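Note: hydrogens, waters and symmetry copies are ignored here, and every other heavy atom, side chains too, is used. Keep in mind it's a predicted model, so treat the numbers as computed, not measured. Residue numbering restarts at 1 for every chain, and letters A, B, ... go by the order of the sequence lines.
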There are 2 protein chains.
Amino acid sequence: MKHIADSTVRRLSLYLRFLEEFERHGHATISSGELARSGGTTSAQVRKDLSFFGSFGKRGLGYGVSDLIASLRHILGLEARWPVVIVGAGKIGAALAQYRGFGTHGFDVVGVYDTDPARVGEALNGVPVRPDAQLEADIAALRPRIAVLCVPGEAAQPVLDRVVAAGIRAVLNFAPAALTAPEGVTVRTVNMATELEVLAFALTNAP
Amino acid sequence: MKHIADSTVRRLSLYLRFLEEFERHGHATISSGELARSGGTTSAQVRKDLSFFGSFGKRGLGYGVSDLIASLRHILGLEARWPVVIVGAGKIGAALAQYRGFGTHGFDVVGVYDTDPARVGEALNGVPVRPDAQLEADIAALRPRIAVLCVPGEAAQPVLDRVVAAGIRAVLNFAPAALTAPEGVTVRTVNMATELEVLAFALTNAP
DNA sequence: CATAGCTTGTGAAGAATTTCACAAGCCTCC
DNA sequence: GGAGGCTTGTGAAATTCTTCACAAGCTATG
Ligand SMILES: NC(=O)c1ccc[n+]([C@@H]2O[C@H](COP(=O)([O-])OP(=O)(O)OC[C@H]3O[C@@H](n4cnc5c(N)ncnc54)[C@H](O)[C@@H]3O)[C@@H](O)[C@H]2O)c1
Ligand SMILES: NC(=O)c1ccc[n+]([C@@H]2O[C@H](COP(=O)([O-])OP(=O)(O)OC[C@H]3O[C@@H](n4cnc5c(N)ncnc54)[C@H](O)[C@@H]3O)[C@@H](O)[C@H]2O)c1
């Protein structure tokens, strides 16, 4: 398939959020214009984004809300649930492990790992924190496809290398570290400092 | 000034991280190529990003690490510290309030707010959780420029409206909600579901 | 069944961003 | 002090992303 831009995928995810909202409100169809308004974009953008994957609407009518939800889930790969491991059960790791939103969007936390013996054994939202040393064995057994890194910055690259060696191909990283991963492994880093600095820049260069 | 792309600002923030690292390692100068390698970009991109703001290097030599750090801090508006309020002292709000990285990057948490009386009074990293009703008065008194929203999705827009009315012009939102703000207010949303879904898409469409 | 009124899907145009490529400048060393 | 070896800064080219604009198609209605 032709390469799909990151920005397109993010918008598709956003559209899915709004469609779920629309469905809860009992709407049966929605136009690209309405979807655009919810997502702060344009109707042409919505249609173009969808057009990369096929044709989902009815001219004159718009899109069937539940059909489009199903199509987007299919496109994004959300038809099955995704098992996820969290490495690092500190403040942010614990918050994520207990985050309900994970589950409601099709992601199951199947393991939480920490080196700190004081943390091991603790249960976070039903999932027990297990010793870090167990990571490889559990990945082999539970076959999670995604790892979330919540370890200190200096531990992030070593942990990434371990989960990649164990077969993980997608990583969400919260540590403030620039990670390198082999071809074929997707790493996304959420960097709090950068988010705040972008805001500081915006304030500094305000009109 | 000419409009600066969001992607450029994010990279500048990233460069700053690496430069701080380089400085700790005792390096005095750095070339655009080295900086690019750390940040997963190209030397031309680094030079172009910087060129929007001036000329900071020496041909044949590269950039003075501490000079460039100072320049980037100036560009990003990090010469003074930024007071920040956090609204919502739940799991993610508490984690952020206790996050050391905030302080080391020039952001000071000056207030944490929650509606839950059980949470009020608790101290997070030295900052007491205060009643939500205090928000407007505290913003008027402490003059924070940035608000971080860690409230449930349905509370996010009302809280945003309140902080904007109180004078806040930059917001970092963790709630899964599409927020609308008046012209002149910058809102950045970190959406966990989207981050994971982008990973699911990458895995699904893997080669 | 023809018409009116919408809305999609999509090439083409336009805008923005990234990459290229090279002149200009600086440092070192002989 | 001139030559050689690097590296910057930047127009121009290339690429990527977004917006435009309109033919095509669906529904409803009389
Ligand atoms: N707290 C926040 O709000 C926040 C926000 C953004 C980013 N971060 C980043 O997230 C990471 C974690 O932050 P935190 O506040 O939760 O810190 P924390 O100290 O509370 O937690 C880190 C945890 O990781 C564990 N750990 C260390 N090395 C490990 C390893 N090799 N394998 C498994 N576990 C290991 C520690 O035992 C600890 O429990 C840091 O890199 C931090 O910079 C935190
Ligand atoms: N926990 C996570 O890892 C995580 C990750 C990403 C996003 N989020 C989002 O962040 C938000 C908070 O999540 P959480 O897990 O911390 O939930 P939480 O229930 O632990 O915390 C929410 C807190 O907000 C407070 N609150 C509610 N309404 C308020 C208001 N109007 N003013 C001030 N405080 C108010 C509640 O009393 C509670 O303490 C949610 O929108 C959630 O979807 C959470």
Considering all heavy atoms of both residues, which atom of A:Asp114 and which atom of A:Gly90 are nearest to each other, and what is their separation?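 Scanning both residues, the minimum pair turns out to be OD2-N, 3.8 Å.
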Listing, residues 67-75 of chain B side-chain donor-acceptor contacts under 3.5 Å, not counting sequence neighbours, or none:
residue, atom, partner, partner atom, Å
B:Ser71, OG, B:Asp67, O, 3.0
B:Arg73, NH1, B:Glu20, OE2, 3.1
B:His74, ND1, B:Glu79, OE1, 2.9
B:His74, ND1, B:Glu79, OE2, 3.2

Show the distances under 3.5 angstrom between N or O atoms of the protein and N or O atoms of nucleotides 26-30 of chain D.
residue, atom, partner, partner atom, Å
D:dC26, O4', A:Arg59, O, 3.2

Sequence-distant partners of B:His27, ring pair (Phe, Tyr, Trp, His ring centres under 6.0 Å), two or more places apart: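 Applying ring pair (Phe, Tyr, Trp, His ring centres under 6.0 Å) to B:His27 gives B:Phe22.
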Both B:Asp6 and A:Gly54 contact DNA chain C. Which one's nearest nucleotide lies toward the 5' end?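 Result of the comparison: A:Gly54.
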Qualifying side-chain hydrogen bond (donor to acceptor under 3.5 Å, both in side chains) pairs, either residue in residues 28-37 of chain B, two or more places apart: B:Ser31-B:Glu34, B:Ser32-B:Arg47
Can you list every pair that meets side-chain hydrogen bond (donor to acceptor under 3.5 Å, both in side chains) and has a residue in residues 138-159 of chain A, with sequence neighbours left out?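 Checked against side-chain hydrogen bond (donor to acceptor under 3.5 Å, both in side chains) - neighbours excluded - the pairs reaching residues 138-159 of chain A are A:Tyr113-A:Asp138, A:Arg130-A:Asp138, A:Gln157-A:Asp161.
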Which of residues 24-49 of chain A have a heavy atom under 4.0 Å from DNA chain D?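 A:Thr42, A:Ala44, A:Gln45, A:Arg47, A:Lys48, in order of number.
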What residues, two or more places apart in sequence or in another chain, satisfy salt bridge (Lys or Arg N to Asp or Glu O under 4.0 Å) together with A:Arg11? A:Asp49
Side chain to side chain contact (heavy atoms under 4.5 Å, CB included) involving B:Pro182 - partner list, sequence neighbours excluded: B:Val164, B:Val185
Not counting sequence neighbours, which residues clear side-chain hydrogen bond (donor to acceptor under 3.5 Å, both in side chains) with A:Asn125? List them please.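 With sequence neighbours excluded, A:Asn125 shows a side-chain hydrogen bond (donor to acceptor under 3.5 Å, both in side chains) to no residue whatsoever.
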Keeping to residues at least two apart or across chains, list the salt bridge (Lys or Arg N to Asp or Glu O under 4.0 Å) pairs with something in residues 86-103 of chain A.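 Output for this query is empty, none listed.
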Pairs touching residues 188-199 of chain A that satisfy salt bridge (Lys or Arg N to Asp or Glu O under 4.0 Å), sequence neighbours left out: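 Passing the test, one end in residues 188-199 of chain A: A:Asp6-A:Arg188, A:Arg188-B:Glu195, A:Glu195-B:Arg10, A:Glu195-B:Arg188, A:Glu197-B:Arg17.
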Quick one: A:His3 NE2 to D:dT15 C1', roughly how many Å, whole number?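 Interatomic distance, NE2 of A:His3 to C1' of D:dT15: 13 Å.
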What is the first contacted nucleotide of DNA chain C and what is the last, in 5' to 3' order, if contact means an atom lying under 4.0 angstrom from a heavy atom of chain A?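 Listed 5' to 3', the contact boundaries are C:dC6 to C:dA12.
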